[in-house]
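A quick write-up on the structure given underneath.
Predicted model only: the values in this text are computed from it and were never measured. FYI, the numbering just counts along the sequence from 1. Reckoned from all heavy atoms, side chains included, excluding hydrogens, waters and symmetry mates.
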Amino acid sequence: MGPIRHPWAFTFGLLGNIISFMVYLAPLPTFIRICKRKSTEGFQSIPYIFATFSAMLWVYYGLLKTNSFLLLTINSLGCVIELIYIAVYLTYAPKQAKIQTFVLLLSMNLGGFCLIILLCHYLAKGPTQVRAVGCICVAFSVCVFAAPLSVMKTVIRTKSVEFMPFWLSLFLTLSAIMWFFYGMLKKDLYVLLPNILGFVFGVAQMILYGIYKNCDKLVENQKLPEDVPNTVKLSCITTVGQIHPVDCPPKIKEIKEEARDQVLHSEIKGISDEVTTIQLVECVV
């Protein structure tokens with residue numbers, strides 16, 4: 001009945017499902033790498049736990065709201081995908097990370113979600129119950145918008161778009177547009193409102209990308225030429241003030257590359273988690 005009365009709402013909802021599904025698969029290369037290396041490499045499980053919780057809330061909302069099949073499909077699928085990610089993480093995570101993940105899962109995804117269901121079931125009935133769950137969904141969605149602000153701040157500070165891939169920002173923006181029009185045509189404010197912010201932040205990210213996309217090329221062009229003594233390039237791993245004009249053996253080059261990769265990985269790790277958070281929690285509604 002819903003799709004017949006709202007053909008354009010069905011179209012936008014279907015497109016939203018397709019785009020959101022693609023965004024849900026964005027972390028797949030990361031987990032393939034984790035499986036190959038049998039290590040989580042310092043990645044955190046928090047983004048995926050939050051994404052699962054968000055999908056669970058929207059599934060609950062979709063069950064209460066009539067004619068919300070398209071909300072149910074993508075968020076149900078999202079729950080499954082996120083739980084698979086979490087299972088892979090728990091398989092290869094160190095002991096302390098496993099404990100923290102289990103505690104967070106039990107406290108938020110089980111305890112918190114069950115508490116919301118009980119309170120909404122016994123304290124609200126009918127349309128009031130739908131509004132209560134909708135408000136919770138919107139509040140949670142608005143809270144996670146701190147993540148893109150942090151990523152945008154990093155881009156401005158580093159003048160580099162390395163941590164903010166253009167295609168990811170584009171698909172997140174398209175997803176927000178699809179779900180915005182879906183919510184507008186269905187007259188569902190709880191779907192419409194958070195995607196206004198999603199659209200605004202998505203456009204802002206692409207504007208930043210346009211501003212700083214050439215900065216990485218400029219930095220690459222300013223790199224030291226290959227004929228400069230290797231000692232200068234090695235200064236980052238030598239004692240301050242002790243740079244000597246000696247050539248760099250192949251083994252030292254490997255150590256240099258490894259040290260640089262470790263530094264870059266430690267800086268990127270937290271940022272990539274924030275990007276993952278926004279791509280998984282915001283991408284649906």
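- By the 4.5 Å heavy-atom criterion applied to side chains, T173 and M206 are counted as neighbours.
- Contact record, A97 with Y89: CB-OH, 3.5 Å, taken as the closest heavy-atom pair.
- Residues that satisfy the side chain to side chain contact (heavy atoms under 4.5 Å, CB included) test with C135, not counting sequence neighbours, are Y190.
- In terms of hydrophobic clustering, with Ile, Leu, Val, Met, Phe, Trp and Tyr side chains grouped at heavy-atom distances under 4.5 Å, L118 and L106 are assigned to different clusters.
- Taking NZ of K213 as the reference point, atom CG of L208 lies at 13.0 Å (rounded to 0.5 Å).
- Remark: L90 engages I86, K98, T101, F102 in a side chain to side chain contact (heavy atoms under 4.5 Å, CB included) (not counting sequence neighbours).
- When the side-chain hydrogen bond (donor to acceptor under 3.5 Å, both in side chains) test is applied to N109, no partner is found at least two apart in sequence or on another chain.
- Considering only heavy atoms from C-beta on, E82 stays 4.5 Å or farther from F53 through its side chain.
- Taking the six-membered ring wherever Trp is involved, the centroid distance between the rings of Y48 and F31 falls below 6.0 Å.
- Under the 4.5 Å side-chain criterion, counting only non-hydrogen atoms from C-beta, L57 is not in contact with Y61.
- For Y92, the ring pair (Phe, Tyr, Trp, His ring centres under 6.0 Å) test picks out no residue, with sequence neighbours left out.
- To the nearest 0.5 Å, atom OG1 of residue T11 and atom CG of residue L185 are 9.5 Å apart.
- The side-chain heavy atoms of V161 and F166, taken from C-beta on, include no pair separated by under 4.5 Å.
- Here the straight-line distance linking atom CG of L72 with atom NZ of K65 works out to 12.5 Å at 0.5 Å rounding.
- With sequence neighbours left out, the side chain to side chain contact (heavy atoms under 4.5 Å, CB included) criterion links T128 to A124, R131.
- Residue V203 is grouped with residue M184 when hydrophobic side chains (ILVMFWY) are merged at heavy-atom distances under 4.5 angstrom, including chains of intermediate members.
- In this structure, the side chain of K186 engages the main chain of N67 through a donor-acceptor pair within 3.5 Å.
- Interatomic distance, S20 OG to L15 CG, rounded to the nearest 0.5 Å: 10.5 Å.
- Under the 4.5 Å side-chain contact rule for hydrophobic residues, I207 and I177 share a cluster.
- Residues V88 and C35 share a closest heavy-atom pair of CG1-SG, 3.7 Å.
- What you find for T40 and P94 is that their closest heavy atoms are OG1-CD, 3.7 Å.
- Distance CG/L119 to CD1/I117: 10.5 Å, rounded to 0.5 Å.
- Below 30°, between 30° and 60°, or above 60°: for Y60 and F113 the angle between ring planes is above 60°, a perpendicular geometry.
- Residues I81 and F21 are in side-chain contact: their nearest non-hydrogen atoms beyond the backbone lie under 4.5 Å apart.
- Counting all heavy atoms, side chain and backbone alike, Y212 lies closest to V155 at CD1-CG1, 3.8 Å.
- Within the 4.5 Å cutoff, side-chain heavy atoms of L192 are placed close to those of I196.
- Residues satisfying the side chain to side chain contact (heavy atoms under 4.5 Å, CB included) test with T158, not counting sequence neighbours, are T154, S160, F163.
- The shortest heavy-atom contact between V138 and P194 is CG2-CD, 4.2 Å.
- L25 and L14 fall within the same hydrophobic cluster, defined by Ile, Leu, Val, Met, Phe, Trp and Tyr side-chain heavy atoms under 4.5 Å apart, directly or through other members.
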Residue pair I136, C120: steps toward the side-chain contact (heavy atoms from CB on, under 4.5 Å) verdict
CA-CA 10 Å; I136 294 173; C120 292; 4.1 Å; yes
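- I46 and L110 fall into different hydrophobic clusters, where Ile, Leu, Val, Met, Phe, Trp and Tyr side chains are chained together by heavy-atom contacts under 4.5 Å.
- S141 places a side-chain N or O within 3.5 Å of a backbone atom of C137 that can act as its donor or acceptor partner.
- A ring-ring contact (aromatic ring centres under 6.0 Å, His included) with F12 holds for exactly one of Y182, F181, F180; it is F181.
- Within the 4.5 Å cutoff, the side chain of Y209 has no heavy atoms near those of the S169 side chain.
- For the pair D188/W179, no side-chain contact is recorded, criterion being any heavy-atom separation below 4.5 Å from C-beta on.
- Under the 3.5 Å distance criterion, the side-chain polar atoms of K125 are matched with a main-chain donor or acceptor of H121.
- Taken to the nearest 0.5 Å, the CD1 atom of I74 stands 10.5 Å off from the SG atom of C79.
- Using a distance-only test at 3.5 Å, with no hydrogens or angles considered, a donor-acceptor pair links the side chain of S107 to the main chain of L104.
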